[in-house]
Amino acid sequence: MIDLDLSGKRALVTGASLGIGEAVVKLLADHGAAVCFCARTASGVATLAGYQPKGAGTVTGFVADMEDAAATQTFLEAATAGGDIDILINNAGIIRDKSFLKMTDEEWHAVLNVNLTGAFNTCKVVVPIMREAKYGRIINTSSINGTMGAFGQTNYAASKAGIVGFTKSLARETGKYGITVNAVAPGFIKSEMSDS
């Protein structure tokens, strides 16, 4: 287990109902963080609602579809009402795989809206809070497919490559305020999303 003391830290995690997001919520809470997370559906929130952290952390879930800007804003207002946010994990992501010539405008925009614009929306609310506190840790989930592409994933690969550029640029703007911004680019991890 990682030796990490997050007592007194508040964390916000998007896309936390399964896979990487679920594991991150549990890890943060087990190490003492008060974690607010969101999932697209009530059943997604329910997967973590009863989680009992091993440490002094807490877990609070909200239903918020990152494709819905109004729902995202409501979630962010509720999550930040309790005070500072020290850690932001932008993990929400969807796929709408289809070869480029068969891909619809809706499939393109849905993936970009959740995977890339969702991170923009959360950072837009959280960065000013972190800037005032002169401390923050932001981690954005990209993908190996954002660096090498994948057949049938022009929308997904573009969104995840966009996350890399977004992360690098935001890091340059926020570093002087004690805010670090990093991206992780996982390979294939067995989850409900990759199974589909």
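Legend: residues meeting salt bridge (charged side-chain N to carboxylate O under 4.0 Å, His left out) with Lys98, ordered by chain and number and at least two apart, are Glu107. Listed by chain and residue number, Phe75 satisfy the ring pair (Phe, Tyr, Trp, His ring centres under 6.0 Å) test with Phe62 (two or more places apart in sequence, or in another chain). Residues meeting the side-chain hydrogen bond (donor to acceptor under 3.5 Å, both in side chains) test with Gln52, sequence neighbours left out: none. Scored by the side-chain hydrogen bond (donor to acceptor under 3.5 Å, both in side chains) test, Thr74 finds no partners at all (sequence neighbours excluded). With sequence neighbours left out, Lys26 forms a salt bridge (charged side-chain N to carboxylate O under 4.0 Å, His left out) with Glu22. A search for side chain to side chain contact (heavy atoms under 4.5 Å, CB included) contacts involving Thr180 returns Arg137, Asn182, not counting sequence neighbours. For Ala110, the side chain to side chain contact (heavy atoms under 4.5 Å, CB included) test picks out Glu67, Ile94, Glu106, with sequence neighbours left out. Considering only residues two or more places apart in sequence or on other chains, Thr117 meets the side chain to side chain contact (heavy atoms under 4.5 Å, CB included) condition with Asn113, Asn121.
Arg96 CZ to Asn155 CG: the interatomic distance, rounded to the nearest 0.5 Å, is 9.0 Å.
Residues in residues 159-179 take part in no salt bridge (Lys or Arg N to Asp or Glu O under 4.0 Å) pair, two or more places apart or across chains. Applying the side-chain hydrogen bond (donor to acceptor under 3.5 Å, both in side chains) test to pairs two or more places apart or on separate chains, those with a residue in residues 86-95 are Asn90-Thr122, Asn90-Asn140, Asn91-Thr141. Residue pairs meeting the ring pair (Phe, Tyr, Trp, His ring centres under 6.0 Å) criterion with at least one partner in residues 119-153, sequence neighbours excluded, do not occur; the list is empty.
Of the possible donor and acceptor atoms, one in the side chain of Thr14 sits under 3.5 Å from a partner among the backbone N and O of Ala92.
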Compile the donor-acceptor pairs under 3.5 Å between side chains in residues 33-44 and protein atoms, sequence neighbours left out, one pair per line.
residue	atom	partner	partner atom	Å
Arg40	NH1	Asp65	OD1	3.4
Arg40	NH2	Asp65	OD2	3.4
Thr41	OG1	Ser43	OG	3.1
Thr41	OG1	Gly44	N	3.0

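Hydrophobic cluster membership differs between Ile89 and Leu12, with clusters built from Ile, Leu, Val, Met, Phe, Trp and Tyr side chains linked at under 4.5 angstrom.
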